[in-house]
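In what follows, a single structure is set out as structure tokens and then discussed.
Start at 1 and go down the list; that is how both ligands and their atoms are numbered. Just so you know, these numbers come straight off a predicted model, no measurement behind them.
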Amino acid sequence: MNKSLRPAVIAGNWKMNKTPAEASALIAELRPLVADAGCDVVVCVPFVDLPAALEAVKGSNIRVGAQNCHWEKSGAFTGEISAPMLREMGVSYVVIGHSERRQYFGETDATVNRRVRAALDEGLTVILCVGELERERELGITAEVVATQVKVALSGVKAEELSRIIIAYEPVWAIGTGKTATAAQANEVCALIRGVVASLYCDKCAGGMTIQYGGSMNAGNAEELLAQPDVDGGLIGGASLKAKDFSVIVAAASK
Ligand code: 13P
């Protein structure tokens, strides 16, 4: 399926940055800069920023996402946030399986799968993150690693739910390091992910899926990355904290 038929999505992952007041200010600055975007624009903010962000995006084309959710609807899980809580607030997207959660908070493919399931059950759109470590790339096992992550994360997900799944390919060695994957490397793995989705579901399902690249994407390199046939958008960390830089990436995806 032609790339132009898939929704291009540029999402900012703010990680643990910005207080609620700073979130309102950043969104206010961003709003006019992305008002004419030809792609979907999402900001994934810290949990405590969600009310301020939802208020700040009112009447704009910017959507708000969270950065994680638990797999249970409620219960004795101190410090966690559930998918029904996010839905009730008006949150529409949730990042699941980010490599920082895998690295620092014990996230596994199995828990990623449970969180994906919970988010879908509440009607949220999932930005599912996958990607290999530097060592895994050196060993030549990127394809196996990423395919396994995708297969486990999507287990129990029905074909009709795939329209609410975005997969973000984020090579761990490229995150926050300034070391971007080359456009060819990004496209190769995004295409591989599309092939895995095709093998699990169908060609049409895979052809319609938005697959993002993430990892040191910035105002200077976004255009080349986003021009790749299998790269349908970006998940942006550092550069999403600067309204101007983020808007340049949004403009590159709108071409
Ligand atoms: P950077 O853009 O800061 O490398 O972060 C990428 C990322 O992890 C987005 O989820």
Side-chain angles (χ1 to χ4, degrees), residues 8-18 22-23 26 30 34 39-47 49-50 53 62-69 91-105 107 112 115-116 119 124-134 136-137 142 145-146 149-150 153 165-183 185-186 189-190 193 210-226 228 231-253:
V9 182
I10 297 295
N13 173 11
W14 289 8
K15 309 192 180 185
M16 194 175 72
N17 291 292
K18 305 292 176 190
E22 290 168 346
L26 178 52
L30 187 61
V34 300
C39 65
D40 294 349
V41 181
V42 185
V43 289
C44 299
V45 306
F47 288 129
D49 291 354
L50 288 169
I62 305 172
R63 296 289 166 267
V64 173
Q67 298 174 10
N68 189 24
C69 72
V91 170
S92 30
Y93 290 78
V94 60
V95 175
I96 296 193
H98 192 278
S99 64
E100 287 149 17
R101 301 234 37 106
R102 296 176 191 255
Q103 185 179 351
Y104 304 122
F105 303 103
E107 196 78 74
V112 167
R115 293 180 203 271
V116 167
L124 301 173
T125 295
V126 171
I127 301 178
L128 164 66
C129 301
V130 298
E132 81 287 3
L133 304 170
E134 186 156 40
E136 292 165 338
R137 178 162 282 267
T142 297
V145 169
V146 172
Q149 290 173 339
V150 170
I165 301 261
I166 292 167
I167 298 183
Y169 167 55
E170 299 207 309
V172 180
W173 48 270
I175 294 178
T177 57
K179 216 179 187 187
T180 321
T182 63
Q185 284 171 328
V189 184
C190 289
I193 291 169
T210 296
I211 302 182
Q212 299 172 318
Y213 168 79
S216 300
M217 192 188 273
N218 58 42
N221 61 25
E223 188 162 352
E224 191 190 359
L225 287 159
L226 293 167
Q228 299 301 307
V231 180
D232 307 314
L235 184 57
I236 326 297
S240 72
L241 299 172
K242 294 183 198 124
K244 184 81 188 70
D245 287 14
F246 190 62
S247 72
V248 170
I249 300 172
V250 167

task = Would you indicate which of P171, G237, G176 comes nearest to atom 4 (O) of ligand 1 when only heavy atoms are counted?
result = G176

inquiry  = For the backbone of V95 and the side chain of Y93, can you confirm whether one donor and one acceptor N or O come within less than 3.5 Å of each other?
reply    = no

inquiry  = Tell me the contacting part of I175 for ligand 1: side chain, backbone, both, or neither, using a 4.0 Å heavy-atom threshold, strictly below.
reply    = both

task = Pull out every atom of ligand 1 sitting under 4.0 Å from any heavy atom of H98, numbered as shown with elements.
result = 7 (C), 8 (O), 9 (C), 10 (O)

key: Donor-acceptor contact present, side-chain R115 to main-chain C69, <3.5 Å   = yes

query = Nearest protein heavy atom to atom 3 (O) of ligand 1, by residue and atom, and its distance?
reply = G238 N, 2.8 Å

key: Taking atom 9 (C) of ligand 1 as the reference point, the nearest protein heavy atom with its distance   = E170 OE2, 2.8 Å

Minimum side-chain heavy-atom gap V130-V189 below 4.5 Å = no

ask   = Mind checking whether H98 and E170 have side chains closer than 4.5 Å, heavy atoms only?
value = yes

task = Check whether any heavy atom of A174 sits under 4.0 Å from an atom of ligand 1.
result = yes

request  = Determine, using heavy atoms of G215 and all atoms of ligand 1, whether some pair is separated by less than 4.0 Å.
outcome  = yes

inquiry  = Rounded to the nearest 0.5 Å, what separates atom OG1 in T142 from atom CD in E134?
reply    = 10.5 Å

inquiry  = I need the nearest protein heavy-atom contact for atom 5 (O) of ligand 1: residue, atom name and distance, please.
reply    = K15 NZ, 3.2 Å

Contact check, S216 vs ligand 1, heavy-atom distance below 4.0 Å = yes

request  = First locate atom CD1 of I127, then atom CD1 of I166, and finally report the distance between them rounded to the nearest 0.5 Å.
outcome  = 5.0 Å

message = Counting only heavy atoms not in E136 (residues, nucleotides, ligands), do more than 12 fall under 6.0 Å from its CD?
response = yes

